[in-house]
Amino acid sequence: MSTRRKKIYEGKAKILYEGPEPGTLIQYFKDDATPFNTEKKTILEGKGVINNRISEYFMTRLNTIGVQNHFIKRLNLREQLIRELEIIPLEVVVRNVAAGSLSQRLGLPEGQALPRSIIEFYLKDDKLGDPMVTEEHITAFNWASTQEIDDMMALSLRVNDFLSGAFGAVGITLIDFKVEFGRLWENDFARVILADEISPDSCRLWDAQTNEKLDKDRVHRDLGDVIESYAEVARRLGIMKEMPTVIQGGLH
Ligand code: 5GP
């Protein structure tokens, strides 16, 4: 990673640098894991490498089924070239099975299948702890238009169908996940495009047989072996066969 490159943004798990051409950025995947926002910071060596590859895998496939996204190409172990978008300041969560904050808020047992997939919006604001917001808030404060909300919901459901199938085929249940979107301007028209990442950092993934957690909830609960779970997800998807040597240094 070059230190001379201009940093555009640094988040909890990723850094965005200026790209080689206008309209592009470089997305760098960090090893930091900061569940519950920044209360409990942990470094998981090798996590960034795995997430870079898993995200590449899904973004590439989503592109081939017509879900346009910001991914252009992977550059190296931790970096990918992406299209620069005007980020919509929302996190879109899709849930198939009750868990996490939904279980807490509504008193639903973790693991209870939901009657249908549920979409929720959260405002991206670490200081406020990413509060949940409704369409009323989103349109009143101009974070997105009604049409953009419709587009985000439709795209999120397509991503959910695709990911549920892809994970289901390798014995993993997609409990829920979070995605983000941005606007790609073409003359005066802004198209809503999938952004961010798709990885075990942003998905709840349970083993279909045992319900063992294969995602960052392991960090929340000190379950340990997080890297091994992330690598297991990558292995089941048939990517990163070289992974054990890549992360070897980080395991000891
Ligand atoms: P919950 O609202 O139950 O905590 O999270 C729902 C889903 O969205 C989980 O799969 C969780 O990993 C994901 N998610 C929620 N907030 C964030 C966030 O700030 N960053 C990431 N990477 N994922 C999130």
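Read the numbers this way: they start at 1 and go in the same order the structure lists the ligands and their atoms.
- At a threshold of 4.0 Å, the pair Lys14-Asp196 counts as salt-bridged, since one of the basic side-chain nitrogens sits closer than that to a carboxylate oxygen.
- Annotation for ligand 1: atoms under 4.0 Å from non-hydrogen atoms of Gly100 are 3 (O).
- Between atom 6 (C) of ligand 1 and the options Lys178, Arg204, Met132, the minimum heavy-atom separation is to Arg204.
- Residue Lys216 has at least one heavy-atom neighbour below 4.0 Å for each of these atoms of ligand 1: 12 (O), 20 (N), 21 (C), 22 (N), 23 (N).
- Taking every heavy atom of Ser202 and a limit of under 4.0 angstrom, the matching atoms of ligand 1 come to 10 (O), 12 (O), 13 (C), 22 (N), 23 (N).
- Set against the non-hydrogen atoms of Val93, the atoms of ligand 1 under 4.0 Å away are 6 (C), 8 (O).
- Under a 4.0 Å N-O distance rule, the pair Asp126/Lys12 qualifies as a salt bridge.
- In Asp130, the part holding a heavy atom less than 4.0 Å from any atom of ligand 1 is the side chain.
- Side-chain contact between Val97 and Leu114 is absent, with no heavy-atom pair separated by less than 4.5 Å.
- By the criterion of a heavy-atom distance under 4.0 Å, the side chain of Arg95, and not its backbone, is placed next to ligand 1.
- A salt bridge does not link Lys124 with Asp130: none of the charged nitrogens is closer than 4.0 Å to a carboxylate oxygen.
- Taking the side chain as every heavy atom from C-beta outward, Lys213 and Leu205 never approach each other to under 4.5 Å.
- Closest heavy-atom approach to atom 12 (O) of ligand 1 within the set Asp201, Asp126, Asp217, Leu205: this belongs to Asp201.
- A cation-pi arrangement is present between Arg61 and Tyr57 under the rule of less than 6.0 angstrom and at most 45 degrees off the ring axis.
- Using a non-hydrogen distance threshold of 4.0 Å, Gln104 does not register as a contact of ligand 1.
- Between Glu79 and Phe29, every side-chain heavy-atom pair lies at or beyond the 4.5 Å cut-off.
- In this structure, a donor-acceptor pair under 3.5 Å is absent between the side chains of Asn63 and Thr60.
- Within the structure, the closest approach of Lys12 to ligand 1 falls below 4.0 Å when heavy atoms are considered.
- At a heavy-atom cutoff of 4.0 Å, ligand 1 is contacted by the backbone of Cys203 but not by its side chain.
- Of all the atoms in ligand 1, the ones that sit under 4.0 Å from a non-hydrogen atom of Glu91 are 16 (N), 17 (C), 18 (C), 19 (O).
- Both the backbone and the side chain of Asp176 come within 4.0 Å of ligand 1, counting heavy atoms alone.
- Counting heavy atoms from C-beta on, the side chains of Phe71 and Leu62 never come closer than 4.5 Å.
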